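Encoded as structure tokens, the structure appears first; notes follow it.
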Amino acid sequence: KIGECLTTRNNLQYMLDIGSLIYVYVVTGCGFPSFNTGTEVSLVDGSSIGNKATYSCVTGFMHLVGDVQRTCQDDKTWSGTAPICTKVGH
């Protein structure tokens with residue numbers, strides 16, 4: 001279905017309808033890592049195997065649990081768990 005994200009084992013495919021052409025984009029590596037409310041994630045070198053995702057809490061939030069850096073592994077999953085940041089004062 002056009003505009004739908006098709007998930008297959010170890011990759012994501014996005015189908016986009018642009019005019020009369022249909023493009024299929026394949027995201028290799030780990031794709032974009034998951035993240036939680038109050039966090040930002042940075043992928044300096046992309047999401048290929050061996051690359052790292054670095055997390056930080058947005059202003060007004062502080063790190064509670066989880067990993068602040070995760071690595072794209074050989075099995076195309078991100079190591080560890082996405083951090084959880086909690087609102088300061090709550």
Side-chain angles (χ1 to χ4, degrees):
K1 187 181 211 184
I2 302 301
E4 185 175 287
C5 173
L6 307 170
T7 304
T8 61
R9 181 156 172 76
N10 296 333
N11 69 44
L12 298 175
Q13 298 177 357
Y14 293 92
M15 292 183 68
L16 303 173
D17 186 359
I18 301 174
S20 60
L21 300 174
I22 296 175
Y23 294 91
V24 176
Y25 291 91
V26 177
V27 179
T28 58
C30 292
F32 199 80
S34 61
F35 62 96
N36 295 302
T37 301
T39 62
E40 295 176 328
V41 60
S42 173
L43 293 172
V44 175
D45 296 317
S47 62
S48 298
I49 293 169
N51 289 354
K52 298 187 183 318
T54 303
Y55 291 82
S56 59
C57 297
V58 298
T59 302
F61 285 75
M62 61 183 248
H63 182 247
L64 185 61
V65 295
D67 300 296
V68 294
Q69 191 171 73
R70 298 170 72 194
T71 303
C72 180
Q73 303 175 113
D74 290 337
D75 65 358
K76 298 183 181 178
T77 62
W78 289 100
S79 64
T81 57
I84 295 174
C85 296
T86 186
K87 194 164 190 160
V88 174
H90 286 95

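Everything numeric in this text was worked out from a predicted model, so none of it was measured. Computation of the quantities below employed the complete heavy-atom set of this structure, encompassing side-chain atoms and omitting hydrogens, waters and symmetry-equivalent molecules.
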Quiz item: Out of curiosity, does Phe35 fall in the hydrophobic cluster containing Trp78 (side-chain heavy atoms, cut-off under 4.5 Å, transitive links)?
Solution: yes
Quiz item: Closest heavy-atom contact between Leu43 and Ala53?
Solution: CD2-CB, 3.5 Å
Exercise. May I ask whether Tyr55 and Phe61 are part of the same hydrophobic cluster, defined by side-chain heavy atoms of I, L, V, M, F, W, Y residues being less than 4.5 angstrom apart, directly or through others?
Key: no
Self-check item: Nearest atoms (heavy-atom pairs only) where Asp67 meets Thr81
Solution: OD2-N, 2.8 Å
Quiz prompt | Test item: Asn51 side-chain N/O and Asp45 main-chain N/O as donor-acceptor pair under 3.5 Å | solution = yes
Quiz item: What distance do His63 atom NE2 and Cys57 atom SG have between them, rounded to the nearest 0.5 Å?
Solution: 6.5 Å
Practice problem: Evaluate the criterion side-chain contact (heavy atoms from CB on, under 4.5 Å) for residue pair Glu40 and Cys85; output intermediate values, then yes/no. | Solution: CA-CA 10 Å; Glu40 295 176 328; Cys85 296; over 6 Å; no
Quiz item: Looking at OG of Ser56 and CD of Gln69, how far apart are the two atoms once the value is rounded to the nearest 0.5 Å?
Solution: 12.0 Å
Quiz prompt | Minimal non-hydrogen separation, Val41 against Pro33, with atom names | solution = CG2-CG, 3.7 Å
Self-check item: OG1 on Thr77 to CD1 on Ile49, rounded to 0.5 Å
Solution: 9.5 Å
Quiz prompt | Shortest non-hydrogen contact between Gly29 and Cys72, atoms and distance | solution = C-SG, 4.1 Å
Practice problem: Would you confirm whether Ser79, through its side chain, and Thr71, through its main-chain N or O, come within 3.5 Å as a donor-acceptor pair? | Solution: yes
Quiz prompt | OG-NZ distance between Ser47 and Lys76, expressed to the nearest 0.5 angstrom | solution = 10.5 Å
